[in-house]
Protein chains: 2
Amino acid sequence: MATLMDVAKRANVSKMTVSRVINHPDKVTDELKQLVYQAMKELDYQPNLIAKALVNNSTRIIKLCILEDIDTTEPYFMNLMVGVAKTLDLHQYSLQLVTRRNFGIGNCDGYIITGMRKGDLEWVQKLDKPVIMFGENRYGLDFVDTNNKAGTYRMARLALEKGYEHLVYIGIDSKESFEYSREAGYIQQVQENQMIPELHRFGNHSHLSEEFIRSHWDEIQQNTAFICASDRLAMGVERAISRCGGKVPDDYGVTGFDGVFLNQVASPKITTVKQSIIEMGSACGENLLDKIKTNASPGNLIFEPKISLGGTLRD
Amino acid sequence: MATLMDVAKRANVSKMTVSRVINHPDKVTDELKQLVYQAMKELDYQPNLIAKALVNNSTRIIKLCILEDIDTTEPYFMNLMVGVAKTLDLHQYSLQLVTRRNFGIGNCDGYIITGMRKGDLEWVQKLDKPVIMFGENRYGLDFVDTNNKAGTYRMARLALEKGYEHLVYIGIDSKESFEYSREAGYIQQVQENQMIPELHRFGNHSHLSEEFIRSHWDEIQQNTAFICASDRLAMGVERAISRCGGKVPDDYGVTGFDGVFLNQVASPKITTVKQSIIEMGSACGENLLDKIKTNASPGNLIFEPKISLGGTLRD
DNA sequence: TAGAAATCTGTTATCGGTAACATGGAAAGA
DNA sequence: TCTTTCCATGTTACCGATAACAGATTTCTA
């Protein structure tokens, strides 16, 4: 591997000049710059990031903190992780996965945090390294998220356009901001159409929504579409309808939210609000590295969700 | 952050002595060692891995090469990645995900490779850094894998014990070693019971196995158990039987292989040969780091699979 | 045109460790 | 007792980069 020194020798300049060409090119004459560029190309020079890290006294480690108490085998978080890892690796940063328990251990250059609750606000604000949140929040912390409200709003409209006459919302029993936003999107669409909102909330497990539908099957009107806050819940609803003898999508519609793997393995596939989790993870990484480099707040980044058509809304 | 120097000063010794206490403790008297340990504890000394990496001229980067042409959203590979990442992060190594395309780019300290085909053998053997394969191979390259043969062998026996009279194998249409081993396990069990093996192979997609079962429904005998080489295939089989009016598990049995998420979302859940992909990924990492450190081949590591009971074999 | 200011380039010290060599005192051999 | 060997420790140089300072030109100003 060629070093700064090798390049310097070949270009007949000092190490420092080479370093300047890389970091402060305006402080070097064009003539020397050309020589140095030439030498770098000939030697295929790649800067040694470890040496750089040493002088900057950085760790090149980013901590990804998943504060929710969740199974790491869940594809949703894996996708997030892959997205983050992709970007970090590109910049030769290392990703460290941490939870509540092992949070404080070891140094790092920045944090990506998801699943924050109110009680966490205090210590999150005290962190002395740059932070990006994954998931909207109302505390002014920089975040990356999907436009949750727009997601359910548009999905609800789509269901109406497809001719379903009743819209029931099946939500997640959680106090997090994203859930409020999804509910708000549904409610707005329903109210704009002079309908009365009907919301139910459960823990995010398919068997809970399934059980609910089965036990209330008699009260459910034909031509209802269920706007669900997750693909898990949608999967349960779909299964329940099917087992109760209902027809999806002809007599009942079902829509999900997330679009991470689960929607594809259901049968028929779930029409869902697709979040590009991997891309969002990458964006978290980009924003964080930016924040580390420039020391300036990148603000919020909101991804517009796309509707991924499956077979749970009629055509 | 306390440095070697800080510790040295507090213990009234030279930097070198502190370094020796850490790396060659036998070359330092007990008396000094005590002083140094004391000082390290008082200052909560953590060695700076970046500085270490610089002198060793290492990158602290490990490349995970997924040579199969596969969707990265697949939970299987994500689990592998998480497992690897877990271990590497513990040792402050960085994980880089590479494919065929970007393989050669950039330096690293070692490789974890999965999905190797015959044609890859040549360049894999030429790599100048330590390598661990994920997935069995017959070329003498160190690997970590599940005992594939034992998996199908035991699963087939279980199906027989549950009273299914016919065993049909639904395999993956691939020339990789793991598939041969799974087939071998099934065949051995079947032959030990004086039965005649029946194997079918498809690309690893649920709709392919589903289509096969549906189109051959008339020829399928009651009380058959399908031993599938993946949960995907099993899912397709399960769905087909259900749609053709068959009863799982009463009249037909279905078993899968992998146990990574998919088996849990099917309904009923698939009885499957569970591979601990995350642990295996961790093991790949451990073995590779070991190999890097000691420069000695760790040999192969074979995980015994466990049968994860779902509802697709009768009780 | 002398002297000051600005511009460019090189030298030195530094980040936090480790290897290789140097030193000084104790144990061993003559 | 005097050398030789050994062992524990310290000194120096180095890994590959960068910041701060120093020196050499050039340009500008009076």
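Keep in mind it's a predicted model, so treat the numbers as computed, not measured. Chain letters run A, B, ... following the sequence lines, proteins first, then strands; residues in each count from 1. Heavy atoms only: backbone and side chains are in, while hydrogens, waters and symmetry mates are out.
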Chemist: Regarding A:Lys126 and A:Glu122, does a basic nitrogen lie under 4.0 Å from an acidic carboxylate oxygen?
Modeler: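 Salt bridge between A:Lys126 and A:Glu122, a charged N being under 4.0 Å from a carboxylate O: yes.
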Chemist: Which residue pairs satisfy the salt bridge (Lys or Arg N to Asp or Glu O under 4.0 Å) criterion with at least one member in residues 7-19 of chain B, sequence neighbours excluded?
Modeler: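 Qualifying pairs, neighbours excluded: B:Arg10-B:Glu42.
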Chemist: Quick check: does any side chain N or O of A:Asp6 sit under 3.5 Å from a backbone N or O of A:Thr3, one acting as donor and the other as acceptor?
Modeler: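 Yes.
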Chemist: Short question: side chain of A:Thr87, backbone of A:Gly285 - any donor-acceptor pair under 3.5 Å?
Modeler: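 Absent.
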Chemist: Could you go through nucleotides 15-19 of chain C and list every protein N or O atom that sits under 3.5 Å from one of its N or O atoms, giving the distance for each pair?
Modeler:
from   : atom 1 : to      : atom 2 : distance (Å)
C:dG17 : OP1    : B:Tyr45 : OH     : 3.0
C:dG17 : OP1    : B:Asn48 : N      : 3.2
C:dG17 : OP2    : B:Leu4  : N      : 2.8
C:dG17 : O5'    : B:Tyr45 : OH     : 3.2
C:dG17 : N7     : B:Lys15 : NZ     : 2.9
C:dG17 : O6     : B:Lys15 : NZ     : 3.4
C:dT18 : OP1    : B:Asn23 : ND2    : 2.7
C:dT18 : OP2    : B:Ser19 : OG     : 2.4
C:dT18 : OP2    : B:Asn23 : ND2    : 3.3

Chemist: Heavy atoms of chain A, cut-off under 4.0 Å: which first and last nucleotide of DNA chain D, 5' to 3', fall inside that, if you could look?
Modeler: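 It runs D:dG16 to D:dA20.
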Chemist: Would you tabulate the pairs of protein nitrogen or oxygen atoms and nucleotide nitrogen or oxygen atoms of nucleotides 24-28 of chain C closer than 3.5 angstrom?
Modeler:
none

Chemist: Could I get the full list of side-chain hydrogen bond (donor to acceptor under 3.5 Å, both in side chains) partners for A:Arg100, not counting sequence neighbours?
Modeler: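 A:Arg100: side-chain hydrogen bond (donor to acceptor under 3.5 Å, both in side chains) contacts with A:Asp120.
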Chemist: Excluding sequence neighbours, so at least two apart, what forms side-chain contact (heavy atoms from CB on, under 4.5 Å) with B:Asn204?
Modeler: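 For B:Asn204, the residues satisfying side-chain contact (heavy atoms from CB on, under 4.5 Å) (neighbours in sequence not counted) are B:Ile172, B:Ser230, B:Arg232, B:Leu233.
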Chemist: Enumerate the salt bridge (Lys or Arg N to Asp or Glu O under 4.0 Å) contacts for residues 24-40 of chain B, please, sequence neighbours excluded, ordered by first and then second residue.
Modeler: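 The answer is B:Asp30-B:Lys33.
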Chemist: Verify, without hydrogens or angle tests, whether A:Ser308 (side chain) and A:Lys274 (backbone) share a donor-acceptor contact under 3.5 angstrom.
Modeler: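 Not confirmed, A:Ser308 side chain does not pair with A:Lys274 backbone.
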Chemist: Would you please name every residue forming a side-chain contact (heavy atoms from CB on, under 4.5 Å) with B:Asn137, sequence neighbours left out?
Modeler: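 Here the qualifying residues are B:Met133, B:Tyr139, B:Leu141, B:Phe143.
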Chemist: Output all residues satisfying side-chain contact (heavy atoms from CB on, under 4.5 Å) with B:Leu35, sequence neighbours left out; order by chain, then residue number.
Modeler: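 In terms of side-chain contact (heavy atoms from CB on, under 4.5 Å), with neighbours along the sequence ignored, B:Leu35 is linked to B:Ala11, B:Leu32.
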Chemist: Which angle, to the nearest 10 degrees, lies between the helix axes at the two ends of the helix from C:dT1-D:dA30 to C:dA30-D:dT1, each defined by five pairs?
Modeler: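 One end axis against the other gives 50°.
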Chemist: For A:Asn147, what residues pass the side-chain contact (heavy atoms from CB on, under 4.5 Å) criterion, not counting sequence neighbours?
Modeler: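 Partners of A:Asn147 by the side-chain contact (heavy atoms from CB on, under 4.5 Å) criterion, ordered by chain and then number, come out as A:Lys149, A:Ala150, A:Ile302, A:Glu304, A:Pro305.
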Chemist: Give me each pair satisfying side-chain hydrogen bond (donor to acceptor under 3.5 Å, both in side chains) with a member in residues 48-64 of chain A, each pair once, sequence neighbours excluded.
Modeler: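 Found A:Thr59-A:Asp109.
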